[in-house]
Amino acid sequence: MPELPDVEGFRQVLMACGRRCVTDIEVRDAGVLQGVTEKRLRKEGEGRRLGRAWRHGKWLFAPTDGGPTFVFHFGMTGSLWCCSPDEPFAAHDRLVLTLDDVCSLRFRDQRKLQGVQLADDAAVDRILERLGPDALAVDRAELKELLSGRRGAVKSALMDQSVIAGLGNLLCDEILWRARVAPRTPARDLSGAAYRRLHVAMGRVLRTSVSAGCVPPRRSWLTGRRDDSEPLCPRCGRPLCSGRIAGRRTVWCPHCQP
DNA sequence: AGCGCAACCTGGTCGC
DNA sequence: TGCGACCAGGTTGCGC
């Protein structure tokens with residue numbers, strides 16, 4: 001589920017907590033800890049004051065003053081919540097940071113496909129060096145530069161976090177549909193006009209989705225139709241196609257995306 | 001270089 | 001009601 005817009009929403013959750021101190025860490029399921037034990041997480045994390053949270057692609061970083069950074073990745077089912085410490089736990093609340101004894105920051109995740117790390121600066125750098133530029137920061141020339149050397153399907157390239165960070169399956173389908181680009185087109189075969197449309201679509205889809213906190217399932221968007229039993233294109237009304245590209249379910253309109 | 005696939009996990013749905 | 005098969009918006013690592 002969580003793509004760039006969702007993770008940006010989780011960053012806002014963190015920002016709303018402010019620069020509070022981590023007074024307690026409760027590991028309710030150690031299965032979400034990555035590369036850190038509960039013992040070390042508590043030893044190095046408790047007592048730290050949170051700094052300004054930042055995001056790159058689908059990764060969320062919560063640095064602490066003079067200490068390590070809490071690093072969150074939400075996989076397909078993760079989310080971040082802030083509530084009163086009195087609030088009953090949800091079934092999949094895996095990690096709880098209590099902030100100044102007044103906020104309860106909860107990492108919730110059904111499937112535990114990714115999780116939480118505690119990283120020093122070098123470890124943060126190692127994460128970043130595997131990632132391409134954040135999708136929100138890519139301009140038109142850079143988009144073309146990143147993709148145009150690729151022989152593979154444009155959707156595969158857009159999905160590849162080491163090329164551009166932040167786009168997931170829904171966003172890619174939505175952007176390609178808006179730009180009228182067929183998902184299997186080899187990236188290097190795209191025209192300059194197609195790259196222009198792709199960049200415009202990426203910007204618009206991202207900005208709207210960030211405002212909504214997710215890729216909105218509007219009926220006027222592809223995303224709002226893809227789970228229909230017999231989905232129709234919101235633009236031309238013809239049936240949508242569904243198939244597998246890069247191992248992921250892909251929905252497109254064969255008429256609008258020739 | 002880039003694709004397909006399995007693996008990591010859990011839970012919902014569908015057909016029998 | 002139960003059970004297996006299959007599916008789901010993510011990432012990694014492997015083989016080809």
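Each chain gets a letter, A, B and so on, in the order its sequence line appears, and its residues count up from 1.
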Quick one: A:Q114 CD to C:dT12 P, roughly how many Å, whole number? 7 Å
Specify the separation, in whole Å, of atom CZ of A:R244 and atom P of C:dC6. 12 Å
Please give the distance between the P atoms of C:dC3 and B:dC9 as a whole number of Å. 23 Å
Can you tell me how far P of C:dG10 sits from CD of A:Q110, to the nearest Å? 15 Å
Among C:dG9, B:dT10, B:dC8, the one nearest any side-chain atom of A:R248 is C:dG9
Can you check the A:R151 CZ to B:dC3 P distance for me, whole Å? 9 Å
Heavy atoms under 4.0 Å, any strand shown: does A:R130 hit a base, just sugar-phosphate, or nothing? sugar-phosphate
Respond yes when some side-chain nitrogen or oxygen of A:H92 is under 4.0 Å from OP1 or OP2 of B:dC9, and no when none is. no
Counting only heavy atoms not in A:W54, do more than 12 sit closer than 6.0 Å to its CH2 atom? yes
Is there a Watson-Crick or G-U wobble partner for C:dT1 with both distances under 3.5 Å, and which nucleotide is it? none
For the C1' atoms, the ones on B:dA1 and on C:dG10, what distance do you get once it is rounded to whole angstrom? 22 Å
Are the aromatic ring centres of A:F10 and A:F74 under 6.0 angstrom apart? yes
Rounded to whole angstroms, how far apart are CG on A:D6 and C1' on C:dG10? 12 Å
What nucleic acid atoms does A:A157 come within less than 4.0 Å of, heavy atoms only: base, sugar-phosphate, or nothing? nothing
Opposite nucleotide pairing with C:dG9, Watson-Crick or G-U, both atom distances under 3.5 Å: none
Atom pair distance, as rounded to whole Å: CD in A:Q161 and P in C:dG13: 15 Å
Can you find a side-chain donor-acceptor pair between A:R108 and A:H92 that sits under 3.5 Å? no
For B:dC8, does OP1 or OP2 lie under 4.0 Å from any side-chain N or O of A:K112? no
Is it the case that the side chains of A:T250 and A:W252 hold a donor-acceptor pair, with the cut-off being a distance below 3.5 Å and no angle test? no
What is the distance from CG of A:D160 to P of C:dT11, rounded to the nearest Å? 10 Å
Under the side-chain contact (heavy atoms from CB on, under 4.5 Å) criterion, do A:D228 and A:R219 qualify, and how do the steps go? CA-CA 10 Å; A:D228 293 358; A:R219 296 295 285 168; 2.9 Å; yes
Provide, to the nearest angstrom, the distance between the CH2 atom belonging to A:W177 and the P atom belonging to C:dG9. 19 Å
Salt bridge check, A:R28 against A:D93: does any charged N sit closer than 4.0 Å to a carboxylate O? no
How far does the P atom of B:dG4 sit from the matching atom of C:dC7, given to the nearest Å? 16 Å
Ignoring backbone atoms, test whether A:S156 places a side-chain nitrogen or oxygen under 4.0 Å from the OP1 or OP2 oxygen of B:dC3. yes
Per A:R94 side chain, nearest of listed nucleotides B:dT10, B:dG2, C:dG9: B:dT10
Within the structure shown, what part of the strands sits under 4.0 Å from A:T223 by heavy-atom distance: base, sugar-phosphate, or nothing? nothing
Between A:H73 and C:dG10, is there a side-chain N or O to OP1/OP2 distance below 4.0 Å? no
Give a yes/no answer on whether the side chain of A:R111 brings an N or O atom under 4.0 Å of OP1 or OP2 in C:dG10. no
